[in-house]
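The structure presented is a predicted model; accordingly, all values stated were derived computationally and were not measured. Within every chain, numbering begins at 1; the chains are lettered A, B, ... in the order of the sequence lines, protein sequences first and strands thereafter. Values reported hereafter were calculated over all heavy atoms of this structure, with side chains retained and with hydrogens, waters and symmetry mates removed.
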Number of protein chains: 2
Amino acid sequence: MAYFHPSRPSPYMPQRKRLTLKDLAAEIDVHYSTVSRVMNPATRHLVAEDVAARVLAVAEARGFSPNRIAAGLRTQRSGLIGVVLPDIANPVFPPILAGIEVVLAQQGYVPIVVNAGSDKGRQRFVIDQLLGRQVEGLVLATAEREDPVLEYCLARHVPVVTVNRGEGSGSVSSVVSDSVRAMQLTVDHLMELGHRRIGHIAGPASLSTGYLRREGFIQAVRRHRLRRADWHVVEASSYSRNAGRVACAQLMTVFPALTAIAAANDLVAMGCYDYLREQGLRCPDDISVIGHNDMPFVDALTPPLTTIRIAVHEMGEEAARLLLRKISKPASDPVTVQLQPHLIVRGSTAAPRMA
Amino acid sequence: MAYFHPSRPSPYMPQRKRLTLKDLAAEIDVHYSTVSRVMNPATRHLVAEDVAARVLAVAEARGFSPNRIAAGLRTQRSGLIGVVLPDIANPVFPPILAGIEVVLAQQGYVPIVVNAGSDKGRQRFVIDQLLGRQVEGLVLATAEREDPVLEYCLARHVPVVTVNRGEGSGSVSSVVSDSVRAMQLTVDHLMELGHRRIGHIAGPASLSTGYLRREGFIQAVRRHRLRRADWHVVEASSYSRNAGRVACAQLMTVFPALTAIAAANDLVAMGCYDYLREQGLRCPDDISVIGHNDMPFVDALTPPLTTIRIAVHEMGEEAARLLLRKISKPASDPVTVQLQPHLIVRGSTAAPRMA
DNA sequence: CTGAAAGCGCTTACAG
DNA sequence: CTGAAAGCGCTTACAG
C-alpha cells in the first residue's frame, strides 16, 4: 500500500515568505503570544484594549492571518472535513456539496472533496489519504447497504455521516430523502391518472435508494390492490441514462401491457425517453414516465419530466450539521434524518389511452 | 475583517488518538526518525532493508499513516490547492473540478473547493481563508476581465491560474477554450445552412467568455461579408436560462428578421427555447438556435441542441498542471492555453425557411 | 545505517 | 495584563 509523502522541500522560495506571529510581534514590540491572543477573538479580551487595537491595525495593514495548519497541529483540530463522492458529474451532488459547504463554513470548517468512483478499494485508499490529512470527519455519498468502507471508518473511530444513500446496520448517521414515501407519491399519482398496469425500473439493490424505492413501489401497488400481473419491476444495472434505456427495453418486453413507468431516478427516466423514441412510442400519449430527483433542466425535456423533487441542498446542510454534532459529541447515537420528497407534476404523465 | 480561529480544544477525545511516529517507533524499538525515513519512499533507501520491512509491516498492521499536517508544517508545503468557483451548480464546473482533481492527486495534492459566488468582496474573504490554510496555489474560475481579486493574489505572490475564464492583463496563466474560433465555427455553420440574418446573444462583457465570443461573432460575420443590418448583438445580463429568455425577447424585437440565434452558452440557448415556445415559434423550423459548452443532457432537449463542445475536463487538468508548474518554478512566465472547441451539430439548426 | 536535536508556527497552562 | 516555556508530529542536517 502506498502512502503519500510530501516531496523534499523545494530549493526555491515558493513565494514571498508568509508572515508569522513572530514577525508581527517584532514589528509591534510585544511578545508573539500576545499577538496570538489578539488574533483569536475568543482570547482577545485577555489583552489590553489599546494593545489589541495596535496589533489588529498592523495585522490588517500587512494582510496577516495566522497559519491555521500550525494552529491545527497544536490544537489537534484541522478544521478539515472529507467529502467522498462517487461521481461529481452526477447533477445530484453539486447542490448537496453546496449545502455541506455552507454549514461547514459557518463553523470555520472547510471541505476536502474527492471523487472516489464506486470501487471500494479506491474509496478506502482515498479515505486513508484524507485521514492522513487529519480530517476531523467524513461525509460519504458513496455508501452501499452493506459497505466495508463504512465498517473501516467505524473501526477507526472516524466520525462519519452518510448522505443521499443510507446503509443497513444503523450504526452510522445518515441523511436521506424518504424513498418509500416518494414511491407512494409516485404510484398514487399514476393511479389517480387512471393507470392500472405499472412498471418500475429499480436502481441497483446494493444501494439504499435502489432498494427502498423498489420496496416503496411494491408496498404502494399492493396498497392499491393491483394484482400481481399488473405491476412489474426490472433492475437497471446502474443509475445512468444508458442503463435506463436497456432496462426500459427489457421491461417493455416482459410487460408489454404497461401504461406507465416509474423510474428509479431521472437519468433512468431519460433512458426511457430514449428507448420510447427509438420505438416510435410517445410519452405521455402511449406511455407515462415519472422520474426521481428533479435534476436541473428536466423541466426542459420534451415532455417536461414529472418527477419527485428531493431536498438536495438541505440534505447537504443536514449532513454537515449531523457530522459536526458527532465531532463535538462523539458519544451521540447515530440518527437517520429523512427529508420529505415532493411530487412535481409536469408533462410526462397523463391519463392512459383508453384501451 | 474577521479571521477564522479554531475554537478552544475540545474537552473530549474526538476519536481514538491517532498513532504517531513515536508510537510506532516505541513498538518496534527504533528511533522515530527511522520510522519517518521508512514511511517516506524517497528516504526509505537510507534504512537497512530488514528494519524497513519490519517498520512497514507494523505500520500496515496498525493502519498508520503519518500526519501530513505536521509534515507540511515542517516542510512548508501543505499539499493543498484552493479552487474558487462562482457556482458549483453550473454544470460546466463539475467536470473542470474532476480534471483538476485527477492531476493534483497524481502529485499528492488535494483541492479545497469553495463556492464563492460572484461578489468580489466575498471572493477575497474566501481567498484569505484559503491562504490562512496555507494553500500552495489557487485555481480561480471566477476571473473577470478586470479583476481586483486577481490583483490581490498577484500582490500577495500566490501562484494563481485562471480556468474557463481569462483576464485582461496577461499577468496570470489561464486555461480557456478558444472563444473566437468557436464563434467562427458557429457562424460558418449557420452560413453554410443558408442563414443570412443572424443574431447573437452575448454573455456579460465583463467576462472574457462573453467579451471574446461577441468579438468572435463580429469578426466572423464580417468575414462572411454580412451587411451591418443583417446581424445584431444583444447582451444577456448573466449566463442563465432566464437572462437568455429575456435577451431573446429583446433581440427578436429589435431584429425580427433574423433566422438564427447564436447564444453565448447553453443556458442562454435554453432561455431562447423558452421564449420561442412562448411565442409559438418553432426551432429549427422558424428559428435556428446554437449554444455553447455542450452541457450534459442538451442532446436530450427538443430539439437536441446544436452547440460548441468545449474540453472541460482537459481544461481542469491543464489548469492544475500549469499551477503545479508555477508552484515549482515561481519565476516561470504566465501562459495562456487555448483549448480547441468543436462544433456538435444536432437538431436545433437547419436551413432557414425560404422567405 | 541510526540516533539525538532543532525547529516549522502556533496555543495555552503557568508565572509574575 | 504580558511574557517565557512547553509541546503538537513531523523532517532533516549533523554526528557517530
DNA chain C: stems of at least 3 consecutive Watson-Crick or G-U pairs, cut-off 3.5 Å? C:1-3 with D:14-16, C:5-12 with D:5-12, C:14-16 with D:1-3

Whole-Å distance separating the CD1 atom of B:Ile28 from the P atom of C:dG3: 11 Å

Looking only at the side chain of A:Leu73 (C-beta and beyond, no hydrogens), which of the listed nucleotides C:dT2, D:dC8, C:dC8 gets closest? D:dC8

Which residue lies toward the 5' end of DNA chain D, A:Tyr32 or A:Val47, if each is placed at its nearest nucleotide? A:Val47

Between P of D:dT12 and CE of B:Met39, the distance in whole Å: 15 Å

Could you give the NE2-to-P distance, from A:His31 to C:dG16, as a whole number of Å? 16 Å

Taking OP1 and OP2 of C:dT12, is either one under 4.0 Å from a side-chain nitrogen or oxygen of A:Ser36? no

Taking only N and O in the side chain of A:Thr75, is any of them less than 4.0 Å away from OP1 or OP2 of C:dC10? no

Tightest non-hydrogen contact, residues B:Arg124 and B:Val149, listed as N-CG2, 4.4 Å

Sorted by chain and residue number, the salt bridge (Lys or Arg N to Asp or Glu O under 4.0 Å) partners of A:Glu317 (sequence neighbours excluded) come out as A:Arg321

Looking across every strand, which nucleic acid part, if any, lies under 4.0 Å from A:Thr20 by heavy atom: base, sugar-phosphate, or nothing? sugar-phosphate

Checking all strands, does B:Ser33 fall into the base, sugar-phosphate, or nothing category for heavy-atom contacts under 4.0 angstrom? base

If you measure from the Lys or Arg side-chain nitrogens to the Asp or Glu carboxylate oxygens, is any gap between B:Asp128 and B:Arg156 under 4.0 Å? yes

Rounded to whole Å, please give me the gap between CG in B:Leu21 and C1' in D:dT11. 9 Å

Nearest whole angstrom, please: distance from the P of D:dC8 to the CD of A:Glu136. 18 Å

A:Glu101 meets the side chain to side chain donor-acceptor pair (under 3.5 Å) criterion, sequence neighbours left out, with none

Rounded to whole angstrom units, what separation is found between the CZ atom of A:Arg74 and the P atom of D:dC10? 16 Å

Starting from the C-alpha separation in whole Å, work towards a yes-or-no answer on side-chain contact (heavy atoms from CB on, under 4.5 Å) for B:Leu323 and B:Tyr109. CA-CA 11 Å; B:Leu323 184 59; B:Tyr109 282 82; over 6 Å; no

Any side-chain N or O of A:Gln76 below 4.0 angstrom from OP1/OP2 of D:dG9? yes

Heavy-atom closest pair, residues B:Leu21 and B:Ser36: CD1-CB, 3.6 Å

Where do A:Thr43 and A:Arg37 come nearest, in terms of heavy atoms and distance? OG1-O, 2.8 Å

Which one, C:dG3, D:dT11, D:dC1, comes nearest to the side chain of A:Ala48? D:dC1

Mind calculating the distance between CD1 (A:Ile69) and P (C:dC8) to the nearest angstrom? 16 Å

Charged N to carboxylate O under 4.0 angstrom, A:Arg18 versus A:Asp23? no

Tell me whether the side-chain N or O atoms of A:Arg68 pair up with the base of C:dG9 as donor and acceptor below 3.5 Å, since no angle test is needed here. no

Can you find a donor-acceptor N/O pair under 3.5 angstrom joining the side chain of A:Arg37 to the base of D:dG3? yes

Could you check how far NZ of A:Lys22 sits from C1' of D:dA5, rounded to whole Å? 11 Å

